[in-house]
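Okay, so here's the structure we're looking at.
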Amino acid sequence: ELKVEQNPLFLSMQEGKNYTIYCNYSTTSDRLYWYRQDPGKSLESLFVLLSNGAVKQEGRLMASLDTKARLSTLHITAAVHDLSATYFCAGVTLGGGADGLTFGKGTHLIIQP
Amino acid sequence: DAEITQSPRHKITETGRQVTLACHQTWNHNNMFWYRQDLGHGLRLIHYSYGVQDTNKGEVSDGYSVSRSNTEDLPLTLESAASSQTSVYFCASSRGGKETQYFGPGTRLLVL
């Protein structure tokens with residue numbers, strides 16, 4: 001059974017700083033997703049990482065995947081207030097016959113001016 | 001524009017009642033999913049479908065059922081609502097394989 005753990009679960013940081021959110025998973029995952037959720041809203045897809053060493057960047061966010069370490073990271077560069085949200089990573093059990101996602105509990109990120 | 005919608009957006013019901021939450025997507029996606037979101041648990045998979053007449057149980061399927069009679073819709077039914085089913089419910093769809101799952105706006109359900 002795939003388990004996904006994120007840390008930290010809560011992060012308060014100042015604008016302009018850099019930080020990394022970590023996502024560890026327990027068994028081989030076919031791929032790794034990152035989503036963003038604003039309060040009271042739906043989930044917005046940020047990245048899909050499909051292979052070992054994959055790196056994707058969008059604006060101030062960069063995600064990477066290390067399948068050997070079973071670790072994905074979401075790096076925030078020079079944070080701005082608009083990036084305040086909850087970030088989820090999610091994996092899929094390899095060979096499980098299901099594309100249903102297993103989510104981490106989310107990282108609640110607050111970026112203060 | 002293609003989209004995924006859910007209705008109702010908010011629902012209050014009583015324990016023991018049957019409740020159906022609707023999910024409709026216009027992307028013509030084969031795969032559809034239902035998740036529930038609870039504080040401290042993140043999102044958990046309830047049921048999923050790979051196509052018409054196909055349905056499968058997810059991690060937390062007890063007390064829920066789905067049916068897929070066409071590509072666009074995957075309604076979620078709570079057979080006899082319980083207070084433990086108070087939650088936010090999200091529907092999602094994807095083209096399949098390694099494609100991104102797109103989420104609907106969610107339904108907030110309160111069971112009294």
Side-chain angles (χ1 to χ4, degrees), chain A residues 1-10 21 23-26 28-52 54 56 58 63 65 67 85-108, chain B residues 2-7 9-10 21 23-25 27 29-51 54-61 64 66 74 76 87-108:
Chain A
E1 178 187 350
L2 176 64
K3 294 189 187 300
V4 178
E5 290 192 1
Q6 289 181 237
N7 68 83
L9 297 182
F10 181 83
I21 298 171
C23 176
N24 292 90
Y25 52 97
S26 60
T28 303
S29 180
D30 195 36
R31 49 209 180 270
L32 202 291
Y33 299 82
W34 285 95
Y35 284 87
R36 168 182 172 149
Q37 186 180 37
D38 292 305
K41 303 294 186 182
S42 185
L43 281 80
E44 173 191 354
S45 176
L46 295 175
F47 303 109
V48 181
L49 303 168
L50 299 178
S51 60
N52 187 44
K56 291 195 174 181
E58 181 72 33
L65 179 62
T67 57
T86 299
Y87 293 86
F88 291 93
C89 64
V92 179
T93 302
L94 183 65
D99 290 324
L101 301 178
T102 298
F103 283 84
K105 293 184 177 180
T107 296
H108 184 52
Chain B
E3 61 178 355
I4 181 167
T5 58
Q6 294 182 233
S7 62
R9 297 293 312 278
H10 302 271
L21 309 182
C23 176
H24 179 80
Q25 52 95 5
W27 282 304
H29 285 168
N30 288 323
N31 294 2
M32 296 185 73
F33 308 85
W34 274 103
Y35 297 88
R36 61 177 287 176
Q37 184 176 29
D38 305 288
L39 281 175
H41 288 281
L43 286 90
R44 293 178 291 175
L45 181 65
I46 304 171
H47 280 286
Y48 58 99
S49 169
Y50 287 142
D54 175 77
T55 62
N56 305 279
K57 294 181 179 181
E59 177 189 356
V60 290
S61 61
Y64 303 95
V66 293
L74 186 70
L76 177 71
S87 186
V88 180
Y89 291 86
F90 287 100
C91 178
S93 72
S94 73
R95 190 158 43 188
K98 299 181 178 182
E99 300 287 334
T100 297
Q101 290 188 21
Y102 296 95
F103 283 75
T107 294
R108 292 184 175 274

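Throughout, protein chains are lettered first and strands after them, A, B, ... in sequence-line order, and every chain is numbered starting at 1.
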With A:F103 as partner, the option from B:Y35, B:F33, B:F90 fulfilling ring-ring contact (aromatic ring centres under 6.0 Å, His included) is B:Y35
Who wins among A:S42, A:G106, A:G104 for the most heavy-atom pairs under 4.5 Å with chain B? A:S42
Greatest number of non-hydrogen atom pairs under 4.5 angstrom with chain A, of B:A92, B:G104, B:G58, falls to B:G104
Which heavy atom of A:S51 sits nearest a heavy atom of A:T67, and at what distance? C-CG2, 4.4 Å
With a 4.5 angstrom heavy-atom cut-off, could you sort out which part of A:F47 is near chain B: side chain, backbone, both or neither? neither
Pick one of side chain, backbone, both or neither for A:K105, based on which atoms fall under 4.5 Å of a heavy atom in chain B. both
Can you tell me if B:Y102 has over 12 outside heavy atoms packed within less than 6.0 Å of its OH? no
If I compare all heavy atoms of B:L45 with all of A:G100, which pair ends up nearest, and what's the gap? CD2-CA, 3.6 Å
Which answer fits B:R108, side chain, backbone, both or neither, if we ask what part of it has an atom under 4.5 Å from a heavy atom of chain A? side chain
If you measure only the distance, is there a donor-acceptor pair under 3.5 Å linking the side chains of B:E99 and B:S94? no
Less than 4.5 Å to any heavy atom of chain B: does that hold for the side chain of A:E44, its backbone, both, or neither? neither
